[in-house]
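Basis for what follows: all heavy atoms, side chains included, without hydrogens, waters or symmetry-related copies. To find a chain, count down the sequence lines: A is the first, B the second, and so on, and within it residues start at 1.
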Amino acid sequence: MCAQPVTDTKEAKWQKVLYERQPFPDNYVDRRFLEELRKNIYARKYQYWAVVFESSVVIQQLCSVCVFVVIWWYMDEGLLAPHWLFGTGLASSLIGYVLFDLIDRGEGRKKSGRTRWADLKSALVFITFTYGFSPVLKTLTESVSTDTIYAMSVFMLLGHLIFFDYGANAAIVSSTLSLNMAIFASVCLASRLPRSLHAFVMVTFAIQIFALWPMLQKKLKACTPRSYVGVTLLFAFSALGGLLSISAVGAILFALLLVSISCLCPFYLIRLQLFKENIHGPWDEAEIKEDLSRFLS
Amino acid sequence: MDACGGPLGNLTAHVWLSLQNSMILSAAIFITLLGLLGYLHFVKIDQETLLIIDSLGIQMTSSYASGKESTTFIEMGKVKDVVINEAIYMQKVIYYLCILLKDPVEPPGISEVVPVFQSAKPRLDCLIEVYRSCQEILAHQKDTSTSP
Amino acid sequence: MLLKAFFPTCCSSVDSGLLVGRWVPEQSSAVVLAVLHFPFIPAQVKELLVQVQRASRVGMAVLGTWCHSQQEPEEPLGHFLEGLGTIFPHDPWLQLCRERGSKSWSCKVSCQQAPAALGVPCEDQVMLIFYDQRKVLLSRLHPSAVLPDHQAGDAPASTRGLAAVFDTVARSKELFRSNQFNEGPVRLSHWQSEGVEASILVELAKWASGPVCLLLACLLSLVSAASTCRVFRLWPLSFIGSKLSTCEQLRHRLEHLTLVFSTQKAESPAQLMRKANMLVSVLLDVALGLSLLSWLHGKNRIGQLADALVPVADHVAKELQHLLQWLMGAPAGLKMNRALDQVLGRFFLYHIHLWISYIHLMSPFIECILWHVGLSACLGLTVALSILSDIIALLTFHIYCFYVYGARLYCLKIYGLSSLWRLFRGKKWNVLRQRVDSCSYDLDQLFIGTLLFTILLFLLPTTALYYLVFTLLRLLVVTVQGLIHLLVELINSLPLYSLGLRLCRPYRLAAGVKFCILEHEAGRPLRLLMQINPLPYTRVVHTYRLPSCGCHPKHSWGSLCRKLFFGELIYPWRQRGDKQD
Amino acid sequence: MACRGGGGHGQPPSATLFRVSPGNLSTRRTLTHNICMVSDFFYPNMGGVESHIYQLSQCLIERGHKVIIVTHAYGNRKGIRYLTNGLKVYYLPLKVMYNQSTATTLFHSLPLLRYIFVRERVTIIHSHSSFSAMAHDALFHAKTMGLQTVFTDHSLFGFADVSSVLTNKLLTVSLCDTNHIICVSYTSKENTVLRAALNPEIVSVIPNAVDPTDFTPDPFRRHDSVITIVVVSRLVYRKGTDLLSGIIPEICQKYPDLNFIIGGEGPKRIILEEVRERYQLQDRVLLLGALEHKDVRNVLVQGHIFLNTSLTEAFCMAIVEAASCGLQVVSTRVGGIPEVLPENLIILCEPSVKSLCEGLEKAIFQLKSGALPAPENIHNIVKTFYTWRNVAERTEKVYDRVAGEAVLPMDKRLDRLISHCGPVTGYIFALLAVFDFLFLIFLRWMTPDSLIDVAVDATGPRGAWTHQCPHRIKRREKNKMFKAR
């Protein structure tokens, strides 16, 4: 084919195939070069208010941490009696428990197949272990300096916020690690409280606010989005109020943080989408879109 | 030490210090000398000789800077060949002469490669000269051993 | 092929005569063993050769003539020398000549089979190699694998290369012995051994050694029979026996002695050397032990030692108490958990209290025990050292206990923490696949796990500190024991006889040969001097090292550090399941 | 491995020159190059790049060029080795970091590489594979030393994730002053041009090749009572092993007279084993494990249909090998695969279980209806497509073109780096290039070029190997190589 006369080469059309010897040099660039190039085919369009609604999960978690710290501060200062907190916590837990089943009329429970007996058992285990270990917790960090404990708690609570499952599909997300870090922080902080009953109540409260409350939230968000927004607003304001009673500056900073996360960040996300330039073409690694795990289960 | 305070204590401490210093100094000198001797005796090679005797063998002598000599003699019966090979040495690629020894169990195989002029590392032109004369003697040896 | 003539240096200035030796056809080399002087009767010469050949199983022959004269051999003499070739037919026929007073040598080779070349000298084809007969006779070539058929008899052809020359010289000892005082009908010149007087002593010793060996062997067999008696196989005894280094050392020495005094003759030179090495090592050991004994038992040193021992043990216990009290405070400003610290500290203090009372209970008997132990030094320094090592082990038993408690506690903590740390991250160890898998835990599992993790983490520094301190103490003891063991091993395994031989008679242990060029001129034969290249010391030690008793483990540093970190117990003796790293 | 020729013992060179066989003489050209192939990937490691380098070098040697190969040491295989026809390989003692690629500091390899380039009088550096750190190092140093450079890219890269953004930047730096780039398919060319922001005029497309004599059909080896589907690939995610785990149960349930033979090893093997256990297919799905290259043909000829499930592929050698053995190929339509075989020899599918199953069913239907051409015919068509001689010819043209070009002097090179690679990266690498140059000057001062012994050529116009009787050595070396594999 290379031996064809030169006149033919002008007419011969270039083909994107390798198995034929074509009358073109190897570094020939055809008009069709890069014609399969596509840009931004997977770029998503975002709605501002939808993004704001989704950001409420982050707000909720920030508020949870804030409420926890505020409650701890009150306990440490002796402004809050442990009995009272325990009672309130118990009552709100019971209300939450009833709500949890009422929202979807027990469908979630049926699906998971978890009995009420198991729930009771879990609750018993929590209470027994926490109560049994609370004297140990009290003396655990006696000799460690308070600053170290604070640094550790801050670090762990930050970790809790970072690794929390906000619904994003990323490798870093690990709800187990997040929950464990929160419990670790609560144990650290609880060991600073004056008495072992305080420690016990604090750890119980941590379980309620870091483990049980997000579960209820998730269900609320899925079933009744409108009431969820209300609950979020209520929760955020109560957290702000609690913080305000401790430090005005802190409350203002926290309010700014909440506003920037819920309003400014979505705005920036939508603006920056315009500058996206994603190149696609036949060289891309193909994605497996199906769920292949069904063949194995 | 604490019994003699004042200037006397100071003086003794000084003397002791200087004594210790001189001891450290002398120890350092001694160790350096010892190291130097060891280096001259075990490391620094002054001269390397390759003696190839027809029908007898190959003798390699390396004389150290201290005058110590170490000699290895390889009988002709064990020598398979003498060749020039290449090797990566430090950050260089060098040519070197080596003696291939016959494998006593499996005659066509090579049991060992003995490098020659390991510290001198002469250049290729020099090696070729040595190689040619070695080959001459080996060829003569082969001729006479097969012909009668 | 070039003809090589090996010529003994001791014959280079003797009178003219015949060259007697062996012809090695594969290498076309003539090994001259002796010069047979004129006059002689050919029949007697042949008879002598046959006799020597029968004794040494080496093909002896007259190889040629040797002429040592003032000037060049005159015509008739030359003819005479050539004529001798017809009496002693040999091919090729060597004619060596040296002018008296000068250094010029000449050599002629005549081949009878090729008539054209008859009497035609071809001097450039001959190489003269001088060798020192005595050294070659006495030396042993290494590696000795070249001479595997030394006992096999008449197969000298199988030895190759220069080993054949060594072999020839070594076998013709008979030739050198038979004519020491020139009594026979033929007069020979070769190396003559000196030191006849000493050899009488040697002969006497040889005679005496037989019965002595037999006697000692009987005694030793009795001892070993007693040691293998059933009583020692019972559980506590056998366990103690395997752990005490004294027992190991005694067993090891017993093996040595039985080998040395076995009535069997040493089969190979290597075995002989081994026996000699063992004997020297045992003798040195006993000599050192006896000197120690005499030092100990003079001037009531045992009593002083015994008096010093109890205060020392007390002092050690006191120091330990101080250490524990320091640990129970805030050692080095570390943040310890007070409650756990107190509990551990009290527990260890109680142990020390127990220990002190035990020592005081023992104190009246210590001198007596020491005196008897001191006697064991007459069995050898190594035995005494082993006993010392055992005593150290016994006296530091409390340290060992502390170490074990600390290590067990620490090990438990480390393993608990590592698995809880996996739980903390939401992972678990998959035993089937030997890897870490991710796993979804229940809420209560997570909670309890994290609670325990937190508690263990905050308690870890306290345990780790106790572990660290007691491990350091334990390592100190083990190091001391290791040093003692190293010393014992050194005495046990150093081949002293071989080293002495290498020092005084370097030629006895030959690594090979080396050649010096004496004369290299055209028209004259190449003259070389063959010297013996002695074995380097490192190789002597390596070749003749005696086997050690090998009851101690050989940890690599990496595995040791790993074990220390994970709180696994380290022992100075080998565990059953241990593999040698 | 001895350099007997180096001593030139006794053979007068004039006499041996005429002993060269006439066939060899006809291919000898006036313009010959001293080529140095550099890559981390070479035998005894097995793969596409490795065999590409080896076969290309052999064909270039045949055409009278001098070729040496530089790679890193593989276990005990270090130093200098000779392969068939005097192909000299330097196994340099460099540390392997990840996936057989050496660690790079950009400088530590300069002394050795410079020594080799000088002593072998190399004129063209040809680096292979963008995964190989050593190849990029060699390009960098060669440009510092003023040598002509060529780069062959064997792989495709995306643009979406963080790691590819970084590697693409490095590729931009590495290729911005390289004389010529070779890609193995048009898709690969487009990809490389985009990644490294290159002028497409200096990028040539030269496909890989297979040795058609190694892959001949053997219809008697397969059983016609059942249909056999062959898969030969490494069992990793990029080769689509997950898709395969979905296809196997689907197809096996539909066709009872159908078997799978799967050759290859990898981390995803476990899911295939799980699928096999779950669906009780132990007697129908055969997992062979790792295959040696010489066994591949024996596996291929046992099947009727070859299945390729790759998710990305620059040039798929496996389907060409399978087609050469006379199998019907079913493959995903990804990367350069559509360019490789004409439509009548391949069934292209989308990378999903459904589409691949449909493709397989189509192939099975054709097979059962007898619509497929005979294996011998397929082989005869395919064997004309890709040959190493053709590849070598086309590569040679690239060399000829490159040899005429000027290498950028240092100042122009720095300008180009700064203007071409973005402000930050450009300045950083310009600085590194200056350091490299200073290091080179230092090395030249330490050991001047005149003190470096010129190596005895094994191949090329004055090669010692070409002047000896080649057949004897060839056989001996071949044995040795097989042992090493």
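With chain A as partner, the option from D/K354, D/E250, D/E313 having the largest number of non-hydrogen pairs under 4.5 angstrom is D/E250. Put simply, of D/S352, D/G158, D/G336, the one with the most heavy-atom pairs under 4.5 Å next to chain A is D/S352. In terms of non-hydrogen atom pairs under 4.5 Å with chain A, the most contact-rich of D/V334, D/L311, D/I182 is D/L311. Annotation: maximal heavy-atom pairing with chain A below 4.5 Å, among D/L156, D/V353, D/I202, D/D242, occurs at D/V353.
Only the side chain of D/L194 comes within contact range of chain A, judged by heavy atoms closer than 4.5 Å. Interface remark: D/T384 contributes backbone atoms only to the contact with chain A (heavy atom separation under 4.5 Å). Of the two parts of D/P249, only the side chain, counted from C-beta on, holds a non-hydrogen atom closer than 4.5 Å to a non-hydrogen atom of chain A. Looking at D/V320, neither its backbone nor its side chain comes within 4.5 Å of chain A, counting heavy atoms on both sides. Neither the backbone nor the side chain of D/R333 has a heavy atom closer than 4.5 Å to any heavy atom of chain A. D/I206 touches chain A through its side chain: at least one heavy atom from C-beta onward sits under 4.5 Å away, while N, CA, C and O do not. Only the side chain of D/F315 comes within contact range of chain A, judged by heavy atoms closer than 4.5 Å. Contacts of D/V203 with chain A are made by backbone atoms alone, with heavy-atom separations under 4.5 Å and no side-chain atom involved.
More than 12 heavy atoms of other shown residues, nucleotides or ligands fall within 6.0 angstrom of atom NZ in A/K219. Enclosure of atom OH in A/Y28 by more than 12 non-hydrogen atoms of other residues, nucleotides or ligands within 6.0 angstrom is indicated.
Considering D/R401, D/K189, D/R394, D/K397 as possible partners of A/D26, the one that fulfils the salt bridge (charged side-chain N to carboxylate O under 4.0 Å, His left out) test is D/R394.
Between A/Q15 and D/Y186 the shortest heavy-atom distance is O-CE1, 4.3 Å. Considering every non-hydrogen atom in both A/K16 and D/E190, the closest pair reads NZ-OE2, 3.5 Å. Among all heavy-atom pairs drawn from D/E201 and A/N27, the shortest one is O-ND2, 2.8 Å.
Annotation: residues 263-287 of chain A contacts chain D through A/N278, A/I279, A/P282, A/W283, A/D284, A/E285, A/A286, A/E287 [non-hydrogen atoms, separation under 4.5 Å].
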> What's the verdict on side chain to side chain contact (heavy atoms under 4.5 Å, CB included) for D/L345 and A/Y19, showing C-alpha distance, side-chain angles and the deciding distance?
Replying inline: CA-CA 12 Å; D/L345 295 180; A/Y19 48 85; over 6 Å; no
> Are A/E36 and D/T187 close enough, and set up right, to give a side chain to side chain contact (heavy atoms under 4.5 Å, CB included), and what steps lead you there?
Replying inline: CA-CA 10 Å; A/E36 285 178 75; D/T187 306; over 6 Å; no
>> Go through it in stages, so that I can follow the logic: the residues are D/Y237 and A/I288, the test is side chain to side chain contact (heavy atoms under 4.5 Å, CB included), and I'd like the CA-CA distance, side-chain angles, deciding distance and then a yes or no.
In response: CA-CA 10 Å; D/Y237 175 78; A/I288 301 175; 4.1 Å; yes
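Partners of A/D119 according to the salt bridge (charged side-chain N to carboxylate O under 4.0 Å, His left out) rule, which considers only residues two or more places apart in sequence or in another chain, are A/R109, A/R114.
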